[in-house]
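Working notes, beginning with the structure itself.
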Amino acid sequence: MHVVVAARSSGQATAVDVGGVTVAEAARPTRPRWTWADTNLWYPGLLRAGVRVDRCHDLRLAHRVLRASAWTTGSRLAQAFAGAWDALQPVPAGGTPTPPDDGGTLFDLDPTSRASAAGDAATLDGRACRVELDAQLDAVATSRAPGRLRLLLAAESAGALAAAEMQRAGLPWDAGRHDEVLRDQLGPRPAVGARPDRMERLAAEVRDALDAPTLNPDSLPDVLRALRRTGLAVTSTRSWELQQVDHPAIGPLLAYKKLSRLFSANGWAWLDAWVQDGRFRPEYVVGGVVTGRWASSGGGALQIPQQVRTAVRADPGWVFVVADAAQLEPRVLAGLAHDERMADAGRGKDLYRGMVDTGVVDSRAHGKVGMLGAMYGGTTGSSAAVLPRLARAFPASLALVEDAARTGERGDVVTTLLGRTSPRPGASWHETQVLAQSDDADAGAESKARAQTRAWGRFTRNFVVQGTAAEWALCWIAEVRRRLWDLGAAEVPGDRVPTPFTGRPHLVYFLHDELVVHTPAPLADAVAAEVRAAAAASGRLLFGDFPVDFPVSVGTDRSYGEAKDAG
DNA sequence: GATTATAGCGCG
DNA sequence: AAAGCGCGCTATAATC
């Protein structure tokens, strides 16, 4: 049953009963599903009050899925004109400063101020939420695959809960260790506006080698000009292109670029801005990517370089369990295509290794780059070279991605396993196609149209795989989240993990096919087992009895940087 | 002077 | 091996 939670203009919350159940009754073990306009509007406050929500229905996220899904096009939800729910912008989950944990009451919060800043506050009242929920349930019920869509919406909403919880808990971050890494690579912290010593010295070497005393190594045109003047046939300053070149300036230039990246993206300024009280609290944007993957905002949460992951350190008495779904995308493709041969190749072992063992390819690297090419639409290099062998060995999988590509090239939409549908190409895409077919179209217009056609085909080709993999990952994280809570709490001396996770294993990081659990050390083995079991459960939710497995490599360590590879 | 666009690189 | 998918962020260039 759904319990709709909405805000009144007074700022007081009201729980509207849709199934004859009051809030007090809903707290009993009937497993209510809290229905609200936006998880980010309600859940951070509940978490601060120490309340964990078991499951919810996020109307904003569900609306977006159902408006776009090819399975609900006949519904009144999909056929209505765009309205307030379409205009609703995501609310920043951490938009308000965290008040001290003084045991505030359940609904002692005022989300309306943030809501009105985010969009139409009237959308968020109880009646509007009830009407919208009605329309959504109708769209699901009358869709081509209600069960799948129901699973997608539940997983998306569970993801929203997990994201809010991860922001609440924060990623344990050792600023001292981060500083050590920076000093080790860059030298001492420079004055504001100055370059670190190590970078300044490399810049001098580059200027020297290129005989360009005033060269600014941060200016791309400047660097490109200087390289050209020296007689080097480079067309850009990309690292991989420079690596092909043999010249004394290249070594220090590449080293400079590497350090410059670390300094500007994850240096001391980043540390000051994003790490407080030993925690990095990024904002996760659930469904922020068209394919259904999460995005993030602020701090580059999904791009933490390997170099600084050693600064991610568990609290005393706690450890990280780091889990990585091995070769997730090709396994998902095998499941989507019911490709038993590919599923066989990966059963109980590295999928790419399995492709070598069965003689499909001659090295793991070829298997990997070949499959990536098949899923991304690669047309050159060694990726394209192994493609014919893959097509012979795995016709079902290759046909599925080829078909998705052809569909996109026609300008049609593709849909993931659970019903997330790709956007249509924009007006300018169609214009370019029409233009290229007119009588006076020149060769330029035609080749531009062809390139654009293929590009959209690569997008839809990848959409079905990346999008279904994102659905697998959402189900995984939802399962993990539930199982971790069921493990209960342990006593940890000096515990500084915030409520409601004090003493409890909890998610702290999620990166597409990888997750990190912060857990009291004694529970680490149990956590690892649950993470694996959750992966298996997710596979069954998506693919039922089809025998594709989802092995997870698991490592345990006090440092994120050290925890990988251990399993 | 304030803005938007681009190149490049980090992650999967 | 260096190309094909999806992002966010930074510094600089380009544009208003």
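- Rounding to whole angstrom units, CZ of residue A:Arg331 and P of B:dG12 are separated by 18 Å.
- Phosphate proximity of C:dG6 to A:Arg293: absent, as no side-chain N or O sits under 4.0 Å from OP1 or OP2.
- Taking atom CE of residue A:Met375 and atom P of nucleotide C:dG6, one finds them 14 Å apart after rounding to whole Å.
- One interatomic measurement links the two molecules: CH2 of A:Trp294 to C1' of B:dC11, which rounds to 16 Å at whole-angstrom precision.
- The phosphate of B:dG8 has OP1 or OP2 within less than 4.0 Å of a side-chain N or O from A:Thr237.
- Dashed line: the shortest gap from a side-chain N or O of A:Ser260 to OP1 or OP2 of C:dT10 is not under 4.0 Å.
- Side-chain proximity of A:Arg238 to the nucleotides C:dG8, B:dG8, C:dG6 is greatest for B:dG8.
- The interatomic distance linking A:Gln243 (CD) with C:dA3 (P) rounds to 12 Å, in whole Å.
- Figure legend. C:dG4 is base-paired to no nucleotide; pairs are counted as Watson-Crick or G-U wobble with both atom distances under 3.5 Å.
- Surrounding CZ of A:Arg177 are more than 12 heavy atoms belonging to other residues, nucleotides or ligands, all under 6.0 Å away.
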Walk me through it: do A:Phe463 and A:Trp456 pass the test ring pair (Phe, Tyr, Trp, His ring centres under 6.0 Å)?
-> CA-CA 10 Å; A:Phe463 185 95; A:Trp456 200 262; 9.6 Å; no

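- Using a 4.0 Å cut-off, no side-chain N or O of A:Ser219 falls inside it from OP1 or OP2 of C:dA11.
- Among the heavy atoms of the strands, none lies under 4.0 Å from A:Glu329.
- Counting atom types as modelled, A:Gln466 pairs no side-chain N or O with a base atom of C:dG6 as donor and acceptor under 3.5 Å.
- Residue A:Leu262 contributes atom CG, which lies 11 Å from atom P of B:dC11 at whole-angstrom precision.
- Listed pair A:Lys257 / B:dG8 fails the phosphate criterion, with no side-chain N or O lying under 4.0 Å from OP1 or OP2.
- Comparing A:Ala455 and A:Gly381 by the nucleotide of DNA chain C whose heavy atom lies nearest to each, the residue mapping closer to the 5' end is A:Gly381.
- Residues A:Pro44 and A:Gln167 have side chains not in contact (no heavy-atom distance under 4.5 Å, counting atoms from C-beta outward).
- Note on A:Val465: nothing from the nucleic acid sits closer than 4.0 angstrom, heavy atoms only.
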Side chains of residues 293-305 of chain A: which donor-acceptor partners sit under 3.5 Å, not counting sequence neighbours?
none

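- With respect to A:Arg481 and A:Glu165, a salt bridge is recorded, a charged nitrogen being found less than 4.0 Å from a carboxylate O.
- Both distances falling under 3.5 Å, in either a Watson-Crick or a G-U wobble arrangement, place B:dT3 opposite C:dA14.
- Here B:dG8 is in the anti range [glycosidic angle more than 90° from 0].
- Under 4.0 angstrom from either OP1 or OP2 of B:dC11 there lies no side-chain N or O belonging to A:Gln307.
- A straight line from OH of A:Tyr509 to P of B:dC11 spans 10 Å, rounded to a whole angstrom.
- A:Val369 comes within contact range of no nucleotide atom at all, as no heavy-atom separation falls under 4.0 Å.
- For A:Pro221, the side-chain atoms get nearest to C:dA13 when compared with the rest of B:dC11, C:dC5, C:dA13.
- The shortest distance between the side-chain N/O atoms of A:Trp240 and the OP1/OP2 oxygens of C:dA3 is below 4.0 Å.
- Separating the CG atom of A:Leu242 from the P atom of B:dG8 is a distance of 9 Å, rounded to the nearest angstrom.
- Between A:Gly288 and A:Gln244, the one whose closest nucleotide on DNA chain C sits nearer the 5' end is A:Gln244.
- Set against C:dG6, B:dG8, B:dG12, the side chain of A:Ser236 has B:dG8 as its closest nucleotide.
- Out of C:dG8, C:dA11, B:dG10, the shortest distance to the side chain of A:Ser296 is found at C:dG8.
- Remark: side-chain polar atoms of A:Lys448 are not paired, donor with acceptor, to backbone N or O of A:Gln433 under 3.5 angstrom.
- A distance below 6.0 Å separates the ring centres of A:Tyr560 and A:Tyr509.
- Nearest nucleotide to the side chain of A:Arg261, out of B:dG12, C:dA1, C:dG8: C:dG8.
- Using a 4.0 Å heavy-atom criterion, one finds that A:Ser383 contacts no nucleic acid atom at all.
- Taking the charged nitrogens against the carboxylate oxygens, A:Arg331 and A:Asp339 have no contact shorter than 4.0 Å, which rules out a salt bridge.
- Across the protein-nucleic acid pair, A:Asp362 atom CG and C:dA1 atom P stand 10 Å apart, rounded to whole Å.
- Residue A:Lys258 places at least one side-chain N or O closer than 4.0 Å to OP1 or OP2 of B:dG10.
- With distances taken from any side-chain atom of A:Leu220 to the nucleotides B:dA7, B:dG12, C:dG6, the minimum falls on B:dA7.
- Residue A:Ile304 is in sugar-phosphate contact alone, with no base atom involved, counting any heavy-atom pair closer than 4.0 Å across all strands shown.
- Among the atoms of the strands shown, none is found under 4.0 Å from any heavy atom of A:Arg454.
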